[in-house]
A.B. asks: 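Sharing a structure, written as structure tokens. Questions coming.
Bear in mind that the values here come from a model prediction, so they are computed numbers and not experimental data. Any value given below was found using the heavy atoms of this structure, including those in side chains, with hydrogens, waters and symmetry copies removed.
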Amino acid sequence: MNTNPSGGPAEAFGATAVDTVRARLRVARFLLWVVAAILAVRQVAVVLSTPSGERLTDLETWVGPDGVLHVKGSLYDSTEFTGTPFGGLVLKPLTKAAEQALGWGWTFGTLLLVVALGLVVARALPHPVNRRTSFFAAPVAISLLMLSLPVRNTLYLGQTSIMPVLLVLVGCFAVRGQRTSGLLIGLAAALQPTVLLFAGLLWFTGRRRAALATGVTFAASTALAWAALPHDSYTYWVHHMAGTGLGGDADDLANQSLHGALLRAGFAGPVEVGLFLALGVAVAALALRRAVRYARDGQLLLAVAVTGCAAILVAPMAWQHQLLWVLLAVVGRVGKRASDRYVWPVAVVLVMTLPAKMILPNMASLYPLRDNVVLLAALAAATVVPFLSRTSPYYQTPIPTEYAEPVPARFRRVPLLPFLKRVLTRPNLLLELLLIRVTYAAYQKVRLAATGGTNSEGRARAEEHGQQVLDLERWLHIDIEHWANHAVVKVDWLRNFFDFYYESFHFVVPLTVLGVLYWRRPVDYRWARASLGFATLLALVGFWLYPLAPPRLMPSLGVIDTVHGVQDFSKPDYGTLTALTNQYAAMPSLHFGWSLWCGVVIAIVAPKWWMKALGLLHPFFTVTAIVATGNHWVLDAVGGAVVVSAGFGLSYLFQGPRARRVKDAAVSEKPALVRASGSG
């Protein structure tokens, strides 16, 4: 043996393993910093590449040649300036400098504030923090900030709304001395009055000197502004009631405060004011109570986020660039099970980085939710989300996820991603619905973008590809589209059946299959969902690279559009989604692809032979419908079959064989073992 009693080789081996892990962590952190840098460069490029009359419009309104800070008289005559009188007093001396820096200087200055904010947030994470989290916290925080709508909006408009958030965080986490902390938070409150709620957080957590300093600083700053700008101060604090009505209509969708939501709900006058005050007091009291509890629990960053969310809700006006507090609530831990731990952070990140239309479908019944989605996220964080206490046994060690035993694969390198294990328990439903909705919304956008954004874009190219497909089908003697279309048109009941099948079953059957698998076969659900996702992603590549006109959009063929009717191509009408769908996304056919996926999944997992046969009928009816209605070529169905086959193949390659087989084998072997033990 080549070991010695001192354990030298073992220690060397352990040291090598540790060094390898550290090297991998350093590489991962470097890549995350690269991602953060790319996002920062992209945001700056978007701003600076926009024509000067369209970018930094709020800053231009303030400090431009005709800006309100130049004009003699009231700051609020035009209602364009939405800041406090103290904010106007601070900005006035900077007018000339800011005017000269409307491009690079102001934008890069804001960018540096965002980076500073991310660094402070990373430092403020509640301890204990494991090595991996502390290693990655700063670049991840900066990346999320760069992606967030409030930061993007701030950079684009030239706003100053990052400053109050940064002042509060620096006051809470980066300075020593309660007076200095209170001074910074008081200045933030002078710029954004509802930040005064943080004085309550400081007071009830024992930092009373900081709370008093906050109040004194706010009062002194406001008094200074009142002395210098008495008319403007009266206009802001009395006439406009702390900014109400400045910068736009209070019921605008951009105003994500309780006041804006009540106005959008139809309340007005004294009734609305009374409701707003009552709800505001209740929300502020409940949020402060929760924030104090989390602060005493050692989660001060979460307490700051909860208080900031309350400050958004009780503000008369809370525009998009002021909503950054909601993103900070991502640090709260929710859920006892490990599989539930990602629901809250994913929901917060989606709400703060994507337009509401991508999160919720375009349905009238969901408009109240969609119009107030950020407000609802802030309200949930401030009042109801059950964030775990650090004393909870589940805070550090949630209930672990149950994984299936890996199935031996046919190939040595499968699975390529062994960490994507087959989970036995069903995934969190809310998280699944969120991800499916967002993924489908992104799919729709990419699908439409493949034509240049409208159905009129790329028509000539799509028709050229259509002629290529027709020529290939004629060479293969499978050009049956015209014959099938006219044969069906002659039989009314058959035409109606295929029209109904084409329009209705495309979504109903896949969603039903996913729903049944989710409830009854969660392991198979994950396998089937991954395969469908890979197939759809590959189809998007096809739509992008090969826009194709279907037979119904080739006027010279004489194919009848049985679903949409005869079209005027200068003003086409494809129903309610005319402007939102790509009519040239024909190759591959996802109508057939998704139906084939359904048939394969049902044939594999269904327990009865007749269920398997019924499942395989669905792709047969679908391929008949897409050809007979003139919506696809025969080769489109072949393309759909190819991407679905590739989807199943990629699922096998990355994750390995279906885990269900192991469970079935275990169940089938158990009776045999029982019989064997009984006979013994």
A.B. asks: Ignoring hydrogens and angles, tell me if any N or O in the side chain of Gln178 forms a donor-acceptor pair with the backbone of Ala210 under 3.5 Å.
C.D. replies: yes

A.B. asks: Donor-acceptor check, side chain of Ser257 to backbone of Ala315, threshold 3.5 angstrom: yes or no?
C.D. replies: yes

A.B. asks: Counting C-beta onward and ignoring hydrogens, is there a side-chain heavy-atom pair between Leu191 and Leu167 closer than 4.5 Å?
C.D. replies: yes

A.B. asks: Is Arg289 atom CZ crowded by more than 12 heavy atoms from other residues, nucleotides or ligands, each under 6.0 Å away?
C.D. replies: no

A.B. asks: So which heavy atom on Leu169 is nearest to which on Leu301, and how close?
C.D. replies: CD2-CD1, 4.1 Å

A.B. asks: Quick check on side chain to side chain donor-acceptor pair (under 3.5 Å): which of Thr154, Asn153, Asn255 does Gln320 satisfy it with?
C.D. replies: Asn153

A.B. asks: Quick check: closest heavy atoms across Arg296 and Phe204, and the distance to 0.1 Å?
C.D. replies: NH2-O, 2.8 Å

A.B. asks: Check whether more than 12 heavy atoms from other residues, nucleotides or ligands sit under 6.0 Å from atom OH of Tyr234, and answer yes or no.
C.D. replies: no

A.B. asks: Evaluate the side-chain proximity of Trp325 to Val168: yes if any heavy-atom separation is below 4.5 Å, no if none is.
C.D. replies: yes

A.B. asks: For atom OH of Tyr518, is the number of surrounding heavy atoms from other residues, nucleotides or ligands below 6.0 Å larger than 12?
C.D. replies: yes

A.B. asks: So, the side chain of Ser233 versus the backbone of Pro230: is there a donor-acceptor pair under 3.5 Å, distance only?
C.D. replies: no

A.B. asks: Which heavy atom in Ser389 sits nearest to a heavy atom in Asp297, and how many Å separate them?
C.D. replies: OG-OD1, 2.8 Å

A.B. asks: Atom CZ of residue position Phe30 - does it have more than 12 heavy atoms of other residues, nucleotides or ligands inside 6.0 Å?
C.D. replies: no

A.B. asks: Enter the distance from Leu166:CG to Ser161:OG here, rounded to the nearest 0.5 Å.
C.D. replies: 11.5 Å

A.B. asks: Let me confirm one number: the CD1-CD distance from Ile312 to Gln192, rounded to the nearest 0.5 Å.
C.D. replies: 8.0 Å

A.B. asks: Looking at Phe173, I want to see if its CZ is surrounded by more than 12 non-hydrogen atoms of other residues, nucleotides or ligands under 6.0 Å.
C.D. replies: yes

A.B. asks: State which residues pass salt bridge (charged side-chain N to carboxylate O under 4.0 Å, His left out) with Glu432; sequence neighbours excluded, sorted by chain then number.
C.D. replies: Arg529

A.B. asks: In Å and rounded to the nearest 0.5 Å, what is the CG to CG distance from Leu324 to Leu149?
C.D. replies: 10.5 Å

A.B. asks: If I compare all heavy atoms of Ala295 with all of Thr205, which pair ends up nearest, and what's the gap?
C.D. replies: CB-CG2, 3.7 Å

A.B. asks: Could you check whether any side-chain N or O of Arg152 sits under 3.5 Å from a backbone N or O of Thr353, counting only pairs where one atom can act as donor and the other as acceptor?
C.D. replies: yes

A.B. asks: Around atom CZ of Arg123, are there more than 12 heavy atoms of other residues, nucleotides or ligands at under 6.0 Å?
C.D. replies: no

A.B. asks: Can you list every salt bridge (Lys or Arg N to Asp or Glu O under 4.0 Å) pair that touches residues 331-349, not counting sequence neighbours?
C.D. replies: Arg337-Asp340

A.B. asks: Mind telling me whether Tyr294 and Phe387 have parallel, tilted or perpendicular rings, with 30° and 60° as the class edges?
C.D. replies: perpendicular

A.B. asks: Quick one: does Trp203's side chain get under 4.5 Å of Leu212's, heavy atoms only?
C.D. replies: yes

A.B. asks: Side chain to side chain contact (heavy atoms under 4.5 Å, CB included), that's the test. Do Val115 and Leu119 meet it? Break it down for me.
C.D. replies: CA-CA 6 Å; Val115 172; Leu119 294 175; 4.2 Å; yes

A.B. asks: Determine yes or no for a side-chain-to-main-chain donor-acceptor pair under 3.5 angstrom, with Thr307 supplying the side chain and Ala303 the backbone.
C.D. replies: yes

A.B. asks: Is a side-chain donor or acceptor of Gln256 paired with a backbone partner of Asp371 at a separation under 3.5 angstrom?
C.D. replies: yes

A.B. asks: Can you name the closest pair of heavy atoms from Ile162 and Val151 and give their distance?
C.D. replies: CD1-CG2, 4.4 Å

A.B. asks: Heavy atoms, side chains only, cut-off 4.5 Å: are Leu263 and Phe276 in contact?
C.D. replies: no

A.B. asks: Do side-chain atoms of Gln43 reach the backbone of Ala40 as a donor and acceptor pair under 3.5 angstrom?
C.D. replies: no

A.B. asks: What's the separation between atom CG in Leu144 and atom CG in Leu327, rounded to the nearest 0.5 Å?
C.D. replies: 6.0 Å

A.B. asks: Starting at CZ of Phe198, measure out to OG1 of Thr214 and round the result to the nearest 0.5 Å.
C.D. replies: 10.0 Å

A.B. asks: When you measure from the side chain of Gln396 to the backbone N and O of Pro393, does any donor-acceptor pair fall under 3.5 Å?
C.D. replies: no

A.B. asks: Please check: side-chain N/O of Thr397 versus main-chain N/O of Tyr394, any donor-acceptor pairing under 3.5 Å?
C.D. replies: no

A.B. asks: Taking C-beta and beyond as the side chain, do Met146 and Leu111 meet within less than 4.5 Å on heavy atoms?
C.D. replies: yes

A.B. asks: Within a strict 4.5 Å, meaning less than it, do heavy atoms of the Asn428 and Ser339 side chains meet?
C.D. replies: no

A.B. asks: Quick one, Leu145 and Leu39 - any side-chain contact, counting heavy atoms below 4.5 Å?
C.D. replies: no

A.B. asks: Which pair of non-hydrogen atoms, one from Thr194 and one from Ala311, has the smallest distance, and what is that distance?
C.D. replies: OG1-O, 3.1 Å

A.B. asks: Looking at side-chain heavy atoms only, is the closest gap between Val330 and Val349 below 4.5 Å?
C.D. replies: yes

A.B. asks: Run the side-chain donor-acceptor check on residues 215-222: report pairs under 3.5 Å with partners two or more places apart or on a different chain.
C.D. replies:
from: Thr217; atom 1: OG1; to: Ala213; atom 2: O; distance (Å): 2.7
from: Ser221; atom 1: OG; to: Thr217; atom 2: O; distance (Å): 2.8
from: Thr222; atom 1: OG1; to: Phe218; atom 2: O; distance (Å): 2.8

A.B. asks: Does the Arg370 side chain pair with the main chain of Ala356, one donor and one acceptor, at a distance under 3.5 Å?
C.D. replies: no

A.B. asks: Taking atom CZ as the centre, does Arg209 end up with more than 12 heavy-atom neighbours from other residues, nucleotides or ligands that are less than 6.0 angstrom away?
C.D. replies: no

A.B. asks: Do other residues, nucleotides or ligands put more than 12 heavy atoms under 6.0 Å from the CZ atom of Arg179?
C.D. replies: no

A.B. asks: Rounded to the nearest 0.5 Å, what's the gap from CZ on Arg437 to CE on Met358? Could you check?
C.D. replies: 7.5 Å

